[in-house]
Trainee: 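Take this structure first; my questions come after.
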Number of protein chains: 2
Amino acid sequence: MTDEEWRPPEVLLAVDLVILTLRSSRLHVLLVERGIEPYAGAQALPGGFLNNASEDIAVAAERELREEAELDASRLHLEQLGTYGAPDRDPRGRVVSVAYQAIAPGLPSPVAGTDAAAAEWRPVDDVDSGRLKLAFDHERILADGLERARGKLEHSSLATAFCAEVFTISELRQVYEAVWGVPLDQRNFSRKVQGVPGFIVPAGTPRRTTGGRPARLFRAGPRETLDPPLTRPAPSRTREVTE
Amino acid sequence: MTDEEWRPPEVLLAVDLVILTLRSSRLHVLLVERGIEPYAGAQALPGGFLNNASEDIAVAAERELREEAELDASRLHLEQLGTYGAPDRDPRGRVVSVAYQAIAPGLPSPVAGTDAAAAEWRPVDDVDSGRLKLAFDHERILADGLERARGKLEHSSLATAFCAEVFTISELRQVYEAVWGVPLDQRNFSRKVQGVPGFIVPAGTPRRTTGGRPARLFRAGPRETLDPPLTRPAPSRTREVTE
DNA sequence: GCAAAAGTGTTATGGATACACCCATGC
DNA sequence: GCATGGGTGTATCCATAACACTTTTGC
């Protein structure tokens, strides 16, 4: 406020990405092996600094998504997760990181590409259980991203972002089961999602058989917020009531 | 990645505050009149730049809360809302703002103080309806904060942050009615909140009469997440189903 | 025919709503 | 006593959960 000579301090602004996907019914996150110090050799979330002083933060997130993961931001869900700016989080100096969360459909090949050679899909369980350590405060960022995803499945159509453009209800259910970590009744789930207007809409030819009756195909509907929501089973609740 | 000579750009980091409270059953936000350009004379959210390069962002938010609103961060709810960094959001240059949301109990006097002379509580309706214009992108920040608050009332104990240390169930209900903008049945609400274990706990002498039977007093319980949640009535849902 | 996966029907239960009714205080 | 606000009881309704059953394919 009182600015005679005083000038506000400048900081370095970085963008980090929590990119989640489903591979063989398990939740995975994209990690890169760091090539330079600090934390050289450690696993970290993809990310980087702003390109120049006039680059928009969201644009920088899309650029990193393209450069490090070879993913097209216009084809997947991307939202801001939070900003992490503890003074000592990066030994190089004052780096403030804006974390973004991306949800990608399951992809056939990992990310074998040009610039993204170091990137690999890792099961989130490996990080959760402590088997895999991440650089900086990236474990916290990932944890926040997972928590956000779990919550958003209930109230938003985020789950369809894990699926290909057309998908079956079973595939959608597997998303919920993987992210929530609970089994769901296939029959009730089917009716429930179809009961939410605008969540999923039928998509053409019901053919994609894996040995049983072919499932009908759907694609994501226009609705972003689910009403009524899909409530996840609450083991904690029933336990507490019994006592 | 390829850093021969290249250095990442630096940005100015600001903190803005969405401070909400309840005054005479209406939701208010704290606004300050800007004294300097840009937007001199306009209403804006309280906020400011980092003090120095090693100040933590959350600490800066607490400091602004103290300086501009004379509120003690340790006594109220404070959480990060989001980061706003469009390149053209501030004509002075590249300013990235980390927005924080604070919830304060209704206070007797507004904020008549020393440094916070320019701060005033304003009904959020005045901004919502367009009667009151805000500087920068602060209308969007406020809108995001309101949306966040509305959602969090359902799943968290945020509502108690609007109340004094001890409060009646009616007072708590008024919080929900003001933030959601809907009337709630006093009797069902009473049972519902008491049915959530750990949400509110009895607090001593039931005395605070305004002409009727004295209400029992409560204080916030240990629980942060509500299980089961308090669902808000959905007028949109019933309307859409009928059509 | 048989296995496998998808989809439909039915029922019991529990929570939410919408009330009527009772309680405790000030005046 | 009576007005005023706080608290409890209860019937109805509807969404959910649990499960049996039918349908449609590949082999």
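Quick note: numbers below take in every heavy atom, side chains included, and nothing from hydrogens, waters or symmetry partners. First the proteins, then the strands, lettered A, B, ... as listed; each starts at 1.
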Trainee: Grab the CG-P distance between A/L226 and D/dT16 for me, whole Å please.
Mentor: 12 Å
Trainee: Of the nucleotides C/dT8, D/dT25, D/dG6, which has the atom closest to the B/S170 side chain?
Mentor: D/dG6
Trainee: What is the distance from CD of B/Q186 to C1' of C/dC23, rounded to the nearest Å?
Mentor: 13 Å
Trainee: Apply ring-ring contact (aromatic ring centres under 6.0 Å, His included) to A/H155 and list each qualifying residue two or more places apart in sequence or on a separate chain.
Mentor: B/H155
Trainee: From CZ of A/R213 over to C1' of C/dA6, roughly how many Å is that when rounded to an integer?
Mentor: 5 Å
Trainee: A/R219: which residues meet the side chain to side chain donor-acceptor pair (under 3.5 Å) condition with it, sequence neighbours left out?
Mentor: A/E165
Trainee: Would you indicate, yes or no, if D/dG7 has its OP1 or OP2 atom less than 4.0 angstrom from a side-chain nitrogen or oxygen of B/R216?
Mentor: yes
Trainee: Using whole Å, what does the distance between atom C1' of nucleotide C/dT8 and atom CD of A/Q194 come to?
Mentor: 11 Å
Trainee: Once you round it to whole Å, what is the distance between P of C/dG7 and CZ of A/R173?
Mentor: 10 Å
Trainee: Give the rounded distance in Å between these two atoms: CG of A/L184 and C1' of D/dA17.
Mentor: 12 Å
Trainee: For A/T225, check side-chain contact (heavy atoms from CB on, under 4.5 Å) against everything at least two apart and list the hits.
Mentor: A/R223
Trainee: Using a cut-off of 4.0 Å between protein heavy atoms and nucleotide atoms, how would you tag nucleotides 16-21 of chain C 5' to 3' with B, S and -?
Mentor: -BBBB-
Trainee: In this structure, how many angstroms lie between the P atom of D/dG6 and the CG atom of B/L172, rounded?
Mentor: 13 Å
Trainee: Between A/F167 and A/F218, is the ring pair (Phe, Tyr, Trp, His ring centres under 6.0 Å) condition met? List the steps.
Mentor: CA-CA 5 Å; A/F167 51 87; A/F218 295 85; 7.1 Å; no
Trainee: Please list, chain by chain and in numerical order, all residues satisfying side chain to side chain donor-acceptor pair (under 3.5 Å) with B/D144, sequence neighbours excluded.
Mentor: B/Y84, B/R140
Trainee: What residue pairs, at least two apart or across chains, pass ring-ring contact (aromatic ring centres under 6.0 Å, His included) with a residue in residues 122-145 of chain B?
Mentor: B/Y39-B/F136, B/F136-B/H138
Trainee: Measure from CG on A/L217 to C1' on C/dA6 and round the result to the nearest Å.
Mentor: 12 Å
